[in-house]
Amino acid sequence: MAENGDTAKDFIRAIIEQDLKSGKHKEIVTRFPPEPNGYLHIGHAKSICLNFGIAKDFSGRCHLRFDDTDPSKEETEYIESIKEDVSWLGFDWGKHLYYASDYFEKLYQYAVLLIKDGKAYVDSLSADEIREYRGTLTEPGKDSPHRNRQPEENLDLFQRMRDGEFDDGECVLRAKIDMASPNLNMRDPTLYRIRKLPHPRTDDRWCIYPMYDFAHCLSDAIEGITHSICTLEFEDHRPLYDWILDQLPVPCHPRQIEFARLNLSYTLMSKRKLKNLVDRGSVENWDDPRMPTISGLRRRGYTPEAIRYFCDRIGVAKTNSVVDIALLEHCIRDDLNKRAQRVMAVLKPLKIIIDNYPEDKVELLDAENNPEDPGMGMRKIPFSSVIYIERDDFSENPPPKFFRLAPGREIRLKHAYYIKCKGVEKDPKTGEAVCLYCTYDPETRGGWSADGRKVLGTSHWVSAAHALQAEVRLYNHLFTTPNPADEKDFNTVLNPGSLELFSSCLVEPSLKDAKPGNLYQFLRQGYFYTDQDTAKTGKLTFNRTATLRDTWAKIKKAEGQKNNKPRISS
RNA sequence: UGGGGGAUUGUGUAAUGGUAGCACGGCAGAUUCUGGAUCUGCUUGUGAGGGUUCGAAUCCUUCUCCCCCAGCCA
């Protein structure tokens with residue numbers, strides 16, 4: 001799979017290349033800075049691939065740094081999941097694992113420096129008052145009455161904040177910049193707030209915590225980051241990022257560059273909203289296969305290769321955009337087509353009795369494991385007089401273009417024989433077919449006919465006596481609209497059919513040893529991932545990763561739309 | 001009504017004054033023991049107006065539309 005092959009250089013790599021060429025930098029250092037307040041999603045994968053990818057492309061390095069400055073939201077569980085997801089994606093931070101909390105003491109000393117320089121002060125206004133004093137988008141703010149406290153007093157107050165003498169919200173440390181700035185971020189932004197809360201890593205050693213704007217730029221500088229890549233909403237923060245670094249004796253001054261975050265159609269890309277889906281039980285958990293989280297995609301059957309391939313192809317730019325989820329699906333199909341073992345599974349079984357096949361005979365037929373890769377070898381599949389095919393592969397009154405089994409018609413059973421439908425037994429109440437009576441042609445063993453006659457279609461099947469029971473979960477888009485985030489309440493556009501459960505499927509016996517994580521292509525149906533529940537419950541359980549492209553489904557859909565067209569009477 | 005960004009086909013992304021290309025999707029065909037895969041062809045695009053130039057997606061200008069910012073979140 002060609003990663004970084006023919007894709008053009010993005011604007012960030014162009015900047016970096018220039019910086020290398022001009023001699024501004026000799027080595028490139030980037031970082032991926034997640035806040036451990038939720039699970040990583042495919043949007044983060046874009047950032048991970050960008051930052052680690054750049055480090056790789058330019059023989060530099062990329063740090064994994066947790067931005068853990070808000071103990072009210074952050075948890076160790078998230079730290080662990082993030083590390084797992086980043087390495088599962090195939091990236092290695094080596095010894096460069098850092099935490100903003102590692103720098104709390106340094107950060108504090110930098111703040112002291114700012115205070116001594118008269119560039120920061122302790123404000124005793126309440127949060128509400130600070131908001132009022134900040135002004136609005138169109139009106140300047142006004143100075144806090146505490147703005148002109150002298151450095152000695154500020155130093156004393158700041159030390160006492162650290163010592164725990166004040167309660168949450170009683171005071172904050174603010175940068176002294178410009179209350180009239182048209183950029184609200186520059187109107188004396190808060191640098192430190194009091195949070196008497198234990199921190200996942202520093203426990204109760206601190207009760208004051210630095211804000212993002214203060215911690216992030218300094219952490220970057222401390223680590224020698226050359227290019228600090230973040231998303232568009234931080235563009236307004238860049239003047240503050242630069243201001244702080246300009247005031248302090250830092251080892252270097254990284255360049256912040258912003259790019260557009262990823263949006264994907266038919267899903268959400270916000271940790272807050274995804275957490276909401278988990279909390280209200282709309283999905284099972286963060287790793288529900290319907291979730292766009294890395295862990296959800298993993299459990300859905302996505303491979304790191306496919307995700308990296310996807311991230312490589314969506315590009316990097318500053319335009320807000322929504323990528324068609326069909327591209328993600330294309331990427332996983334492209335990967336799985338080459339590597340997934342083919343196997344036969346019947347989701348909605350329809351019984352077939354082959355009248356002219358000896359009742360007690362069993363043949364072992366040869367089947368290729370992957371036509372795309374002969375190296376994957378062959379396997380044996382048992383055939384006998386009673387089999388099951390897919391209910392959808394039979395129609396008593398076949399519509400046009402239905403190339404499958406019907407009364408009097410002949411089809412091929414994949415890898416087996418040609419069979420012809422001679423009779424239909426129906427449920428007297430519903431009229432639904434419950435059993436078909438067929439004959440087979442012994443001359444077509446393996447699925448070939450010496451006389452060269454064509455057959456309308458090919459069906460997958462399982463032998464009734466040998467099939468294994470399995471549960472199959474078919475996943476569809478989580479939302480019914482392409483842009484659920486645009487909705488006032490995204491819960492109203494949840495797709496009620498995002499999960500279709502089939503608990504009595506029949507699969508071929510070679511699946512007996514399927515292990516969680518194993519990937520298959522169920523012939524003619526799609527790609528499937530062996531779920532961890534297989535190990536827990538002992539029942540074979542498969543998650544559909546993606547459907548195969550399905551021309552027949554498309555035809556049916558088109559017909560349906562044609563028939564549903566309102567009649568216009570003239 | 002302040003500030004910061006952005007606009008190329010259905011979607012995403014290239015082209016940095018010189019033939020608007022690629023991918024996905026869609027459509028049509030070939031091929032096929034998966035209605036899969038593969039192959040071929042097609043697929044109404046430079047937000048609008050003015051200007052500079054032999055030549056403009058690209059430079060200048062006016063306008064329009066979209067996104068972000070008033071957390072003691074990141």
Side-chain angles (χ1 to χ4, degrees), chain A residues 6-10 14 33-35 37 67 69-70 72-74 123 125-128 130-132 134-141 168-174 181-187 189-195 208-209 211-213 215-216 230-239 258 260 265 271-272 313-331 333-334 337-338 342 344 368 371-372 401-404 411-416 418 444 446-449 455 457-460 482 521-526 547-555:
Chain A
D6 42 14
T7 48
K9 201 182 292 108
D10 58 74
E35 183 191 10
N37 66 344
D67 228 330
T69 56
D70 183 359
S72 70
K73 291 181 183 158
E74 296 153 5
D123 199 350
L125 252 28
S126 71
D128 284 345
I130 286 181
R131 189 179 319 118
E132 283 163 26
R134 187 157 30 230
T136 68
L137 292 178
T138 52
E139 302 155 24
D168 285 17
E170 251 188 273
C171 47
V172 292
L173 182 73
R174 289 229 260 170
S181 172
N183 180 347
L184 302 227
N185 294 122
M186 299 299 270
R187 316 240 265 229
T190 300
L191 265 23
Y192 270 88
R193 76 289 214 188
I194 299 169
R195 284 266 185 287
I208 57 172
Y209 293 95
M211 298 285 289
Y212 165 85
D213 285 308
H216 202 90
C230 63
T231 44
L232 253 26
E233 67 270 27
F234 291 101
E235 221 153 10
D236 282 344
H237 294 243
R238 187 167 8 108
E258 310 85 10
S265 59
K271 271 194 275 187
R272 204 193 93 249
R313 298 185 57 166
I314 54 177
V316 180
K318 297 193 70 161
T319 317
N320 286 313
S321 60
V322 182
V323 174
D324 193 338
I325 198 165
L327 179 60
L328 214 212
E329 290 165 355
H330 164 80
C331 291
R333 284 192 193 107
D334 186 71
N337 176 47
K338 290 175 226 144
R342 270 58 170 177
M344 293 198 285
E368 58 193 350
E372 302 293 316
K401 294 182 189 167
F402 184 86
F403 304 143
R404 302 179 182 187
I411 61 154
R412 169 172 37 235
L413 293 178
K414 181 78 179 173
H415 305 307
Y418 289 6
T444 57
W448 295 98
S449 170
V455 99
T458 301
S459 277
H460 56 278
Q521 184 196 97
F522 287 3
L523 233 49
R524 304 207 302 136
Q525 307 198 97
T547 58
L548 251 26
R549 279 184 66 229
D550 189 344
T551 317
W552 172 238
K554 226 176 270 176
I555 293 170

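Comparing the P positions of B/U61 and B/C73 gives a spacing of 42 Å, expressed to the nearest Å. The separation of B/G4 from B/G41, taken at their C1' atoms, amounts to 46 Å, rounded to a whole angstrom. B/C22 and B/A14: their C1' atoms are spaced 7 Å apart (whole Å). Across B/G55 and B/G26, the matching C1' atoms stand 35 Å from one another, rounded to whole Å.
Put simply, A/Ser72 has no side-chain N or O that comes within less than 4.0 Å of OP1 or OP2 on B/C73. OP1 or OP2 of B/U11 has not a single side-chain nitrogen or oxygen of A/Ser265 nearer than 4.0 Å. Using a 4.0 Å cut-off, some side-chain N or O of A/Arg195 falls inside it from OP1 or OP2 of B/C73. OP1 or OP2 of B/U1 has not a single side-chain nitrogen or oxygen of A/Thr138 nearer than 4.0 Å. Using a 4.0 Å cut-off, some side-chain N or O of A/Ser321 falls inside it from OP1 or OP2 of B/U13.
Looking only at distances, a side-chain donor or acceptor of A/Ser265 sits under 3.5 Å from a matching main-chain atom of A/Ile325.
In terms of position along RNA chain B, the nucleotide closest to A/Arg412 lies nearer the 5' end than the nucleotide closest to the other residue of the pair A/Arg412 and A/Leu548.
Qualifying ring-ring contact (aromatic ring centres under 6.0 Å, His included) partners for A/Trp448, counting only residues two or more places apart in sequence or in other chains: none. Considering only residues two or more places apart in sequence or on other chains, A/Arg134 meets the salt bridge (Lys or Arg N to Asp or Glu O under 4.0 Å) condition with none of them. For A/His237, the ring-ring contact (aromatic ring centres under 6.0 Å, His included) test picks out A/Phe234, with sequence neighbours left out.
Considering every non-hydrogen atom in both A/Thr444 and A/Tyr418, the closest pair reads OG1-N, 2.9 Å. The two residues A/Lys9 and A/Ala14 come nearest to each other via the heavy atoms CD-N, 3.8 Å. Residues A/Ile411 and A/Ser459 approach most closely at CD1-OG, 3.6 Å, considering heavy atoms. When all heavy atoms of A/Arg412 and A/Val455 are compared, the closest pair comes out as N-CG1, 3.7 Å.
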Which pairs, protein N/O on one side and nucleotides 24-32 of chain B N/O on the other, fall under 3.5 Å?
residue, atom, partner, partner atom, Å
B/G26, OP1, A/Lys554, NZ, 3.4

Short heteroatom pairs, N/O only, protein and nucleotides 67-71 of chain B, under 3.5 Å:
residue, atom, partner, partner atom, Å
B/C67, O2', A/Asn320, ND2, 3.2
B/A70, O3', A/Arg134, NH2, 3.3
B/A70, O2', A/Arg134, NE, 3.0
B/G71, OP2, A/Arg131, NE, 3.2
B/G71, OP2, A/Arg134, NH2, 3.0

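Between A/Arg187 atom CZ and B/G2 atom P there is a gap of 13 Å when expressed in whole angstrom units. Atom CD1 in A/Ile194 sits about 14 Å away from atom P in B/C72, given to the nearest Å. The nearest whole Å value for the distance from the NZ atom in A/Lys318 to the C1' atom in B/A14 is 18 Å. To the nearest angstrom, P of B/C72 lies 16 Å from OH of A/Tyr212. In this structure, CG of A/Asp213 is placed 18 Å from P of B/G4, rounded to the nearest angstrom. In this structure, CG of A/Asp168 is placed 10 Å from P of B/C73, rounded to the nearest angstrom. Rounding to whole angstrom units, CG of residue A/Leu328 and C1' of B/U13 are separated by 16 Å. Here B/U38 presents its C1' atom at 9 Å from CG of A/Asn337, a figure rounded to the nearest Å.
By the criterion of a centre-to-centre distance under 5.5 Å and near-parallel planes under 30°, the ring of A/Trp552 forms a stack with the base of B/G35.
For A/Glu258 and A/Lys318, the salt-bridge test passes: some basic side-chain N is under 4.0 Å from an acidic carboxylate O.
Where RNA chain B pairs in unbroken runs of 3 or more (Watson-Crick or G-U, both distances under 3.5 Å), the stems are B:2-7 with B:64-69, B:10-13 with B:21-24, B:25-30 with B:38-43, B:47-51 with B:59-63.
Looking at A/Glu372, its side chain comes within 3.5 Å of the base of B/G36 through a donor and an acceptor atom.
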